Amino acid sequence: MAFQFKINKLRFPEGKRKALTLSYDDGIVHDRRLIALMDKYGVKGTFNLNTALFGRNCMIKIDGRDVEDSVITAEEIPQLYEKHEVATHAARHLALTECGSTALYEILEDRKVLEELVPYLVQGHAYPFGIYDKSVLSMLKTAGIRYARTVVSTGKFDIPEDFLEWHPTCHHADPRLMELAESFCEGRENPHIINRPQLFYLWGHSYEFARQDNWDVIENFLAYVSGYREEIWMAANGEIADYVEAYRGLVFSAKGSKVYNPSCRTVWLEAAGEVYSVAPGETVTLKDY
């Protein structure tokens with residue numbers, strides 16, 4: 001007897017359909033103010049750091065203003081980024097495609113130093129200058145990196161097929177920022193994809209707010225999205241990558257009426273209009289099959 005395998009959809013923790021993550025690079029001291037704002041509004045993110053530059057002191061002049069451009073110190077990291085995630089960004093912030101065999105050192109050294117400062121494994125990366133190629137992708141895998149952000153803005157809320165080429169939704173300077181935020185939060189989207197899971201990924205550098213004296217851009221964004229926190233999973237890059245991989249690892253019966261979760265975390269999914277949670281090691285029977 002023929003049967004139709006019904007389409008199952010990923011749902012984020014607690015059955016939420018939407019997730020939001022931020023990614024900010026270089027570890028300039030303005031991360032302090034950005035993190036204070038993110039913590040105020042309950043938003044999480046990943047900070048991509050260059051460990052060989054820790055503690056560098058620098059002041060620059062922008063439109064007659066003195067703006068600090070110093071890098072945070074290693075001692076600050078455990079407390080400053082405690083509610084967020086740190087990831088690699090090449091120890092000396094070099095374009096990895098131009099480093100030859102030393103590119104692997106840039107990644108591994110960055111990871112090694114960071115892992116001495118935080119209690120978890122560092123498995124994320126952001127490509128310096130957005131530059132990478134097949135050899136860099138291979139080195140990242142060798143170095144134990146599982147997800148990496150590009151600088152290619154999509155203007156969409158898609159979950160990446162390959163987390164080593166994770167294209168963000170947009171940079172915070174994108175003129176569409178609040179338009180995209182409203183579309184994401186209020187559901188003004190293509191009716192054909194309205195029930196699909198959605199991920200808003202924002203990136204940038206905290207020093208841009210200081211240089212351009214426009215901290216209101218990020219605070220307005222954070223204040224707006226925080227009003228929808230009951231509907232949105234606020235997560236760091238690594239949390240999202242781990243969760244999606246756990247979902248993709250679910251095992252379904254031949255008919256699709258049962259699902260087994262071999263991972264160590266609870267996973268949510270939607271099947272035939274009903275949301276299910278599947279605990280680690282649990283097998284769940286899906287209704288209406």
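Keep in mind that this is a model prediction, so the values were computed, not measured.
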Under 3.5 Å donor-acceptor, [X] side chain and [Y] backbone:
| X | Y | result |
| --- | --- | --- |
| R229 | Y41 | yes |
| N261 | L250 | no |
| S70 | C58 | yes |
| D110 | T51 | yes |
| T283 | Y260 | no |
| T88 | G124 | yes |
| S138 | K134 | no |
| E115 | L121 | no |

Note to self: M139 and side-chain contact (heavy atoms from CB on, under 4.5 Å): which single residue from I145, I107, L108, L96 fits?
What the structure shows: I107
Relative to the ring of [Y], is the ring of [X] parallel (under 30°), tilted (30 to 60°) or perpendicular (over 60°)?
| X | Y | result |
| --- | --- | --- |
| F200 | F184 | perpendicular |
| F129 | H93 | perpendicular |
| F163 | W166 | perpendicular |

Can you name the closest pair of heavy atoms from [X] and [Y] and give their distance?
| X | Y | result |
| --- | --- | --- |
| R111 | V122 | NE-O, 2.6 Å |
| H84 | D39 | NE2-OD1, 2.7 Å |
| N237 | L22 | ND2-O, 3.4 Å |
| T266 | S277 | CG2-CB, 4.1 Å |
| I159 | L199 | CG1-CB, 4.3 Å |
| G15 | V275 | CA-CG1, 4.0 Å |

Please check if atom [atom1] in [X] has more than 12 non-hydrogen atoms from other residues, nucleotides or ligands closer than 6.0 Å.
| X | atom1 | value |
| --- | --- | --- |
| K16 | NZ | yes |
| D63 | CG | no |
| Q212 | CD | yes |

Report yes if the side chains of [X] and [Y] come closer than 4.5 Å at any heavy-atom pair, otherwise no.
| X | Y | value |
| --- | --- | --- |
| L80 | F47 | no |
| Y243 | W268 | yes |
| R196 | D158 | yes |
| I35 | Y81 | yes |
| R17 | E231 | no |
| Y276 | V259 | no |
| K44 | K83 | no |
| P78 | V118 | no |

Out of curiosity, [X] [atom1] to [Y] [atom2], how far, rounded to the nearest 0.5 Å?
| X | Y | atom1 | atom2 | value |
| --- | --- | --- | --- | --- |
| E245 | I240 | CD | CD1 | 12.0 Å |
| L37 | S226 | CG | OG | 11.0 Å |
| L286 | E270 | CG | CD | 11.5 Å |
| E76 | E82 | CD | CD | 14.0 Å |
| D31 | D25 | CG | CG | 9.0 Å |
| Q123 | L114 | CD | CG | 12.5 Å |

Checklist line | Polar side chain donor-acceptor pair, D26 to H89, under 3.5 angstrom | finding: yes
Checklist line | No-hydrogen, no-angle side-chain donor-acceptor test under 3.5 Å, Y224 and E182 | finding: no
Next item on the list: Could you note down all residue pairs passing salt bridge (Lys or Arg N to Asp or Glu O under 4.0 Å) where residues 203-223 supplies at least one of them, sequence neighbours left out?
Entry: K40-E219, D69-R211
Hydrophobic clusters here meaning ILVMFWY residues chained together by side-chain heavy-atom distances under 4.5 Å, can you tell me if [X] and [Y] are in one?
| X | Y | value |
| --- | --- | --- |
| V217 | L202 | yes |
| Y147 | Y127 | no |
| M178 | M38 | yes |
| Y207 | I60 | no |
| L177 | Y228 | yes |

Note to self: Just to verify, which of R149, E85, H125, E239 counts as forming a side-chain hydrogen bond (donor to acceptor under 3.5 Å, both in side chains) with T46?
What the structure shows: E85
Notebook entry, point to check: Partners of H30 by ring pair (Phe, Tyr, Trp, His ring centres under 6.0 Å), sequence neighbours excluded?
Noted result: none
Next item on the list: List the steps and the verdict of side chain to side chain contact (heavy atoms under 4.5 Å, CB included) for R11 and L269.
Entry: CA-CA 5 Å; R11 287 293 175 261; L269 75 154; 5.6 Å; no
Note to self: Within 45 degrees of the ring normal and closer than 6.0 Å to the centroid, is that where the cationic atom of K18 sits relative to F157?
What the structure shows: no
Next item on the list: Begin with the C-alpha distance, continue with both residues' side-chain angles, and end with the deciding distance and a verdict on side chain to side chain contact (heavy atoms under 4.5 Å, CB included) for F209 and N214.
Entry: CA-CA 5 Å; F209 302 121; N214 64 348; 3.6 Å; yes
Next item on the list: Show your reasoning for whether side chain to side chain contact (heavy atoms under 4.5 Å, CB included) applies to L10 and R248.
Entry: CA-CA 9 Å; L10 175 150; R248 290 174 176 171; over 6 Å; no
Next item on the list: Would you check, one step at a time, whether the test side chain to side chain contact (heavy atoms under 4.5 Å, CB included) holds for Y132 with L140?
Entry: CA-CA 10 Å; Y132 65 99; L140 288 176; over 6 Å; no
Next item on the list: Among F221, W203, Y201, Y24, find the residue that satisfies the ring-ring contact (aromatic ring centres under 6.0 Å, His included) test when tested with H172.
Entry: Y24
Check: Partners of R56 by side chain to side chain donor-acceptor pair (under 3.5 Å), sequence neighbours excluded?
Finding: none
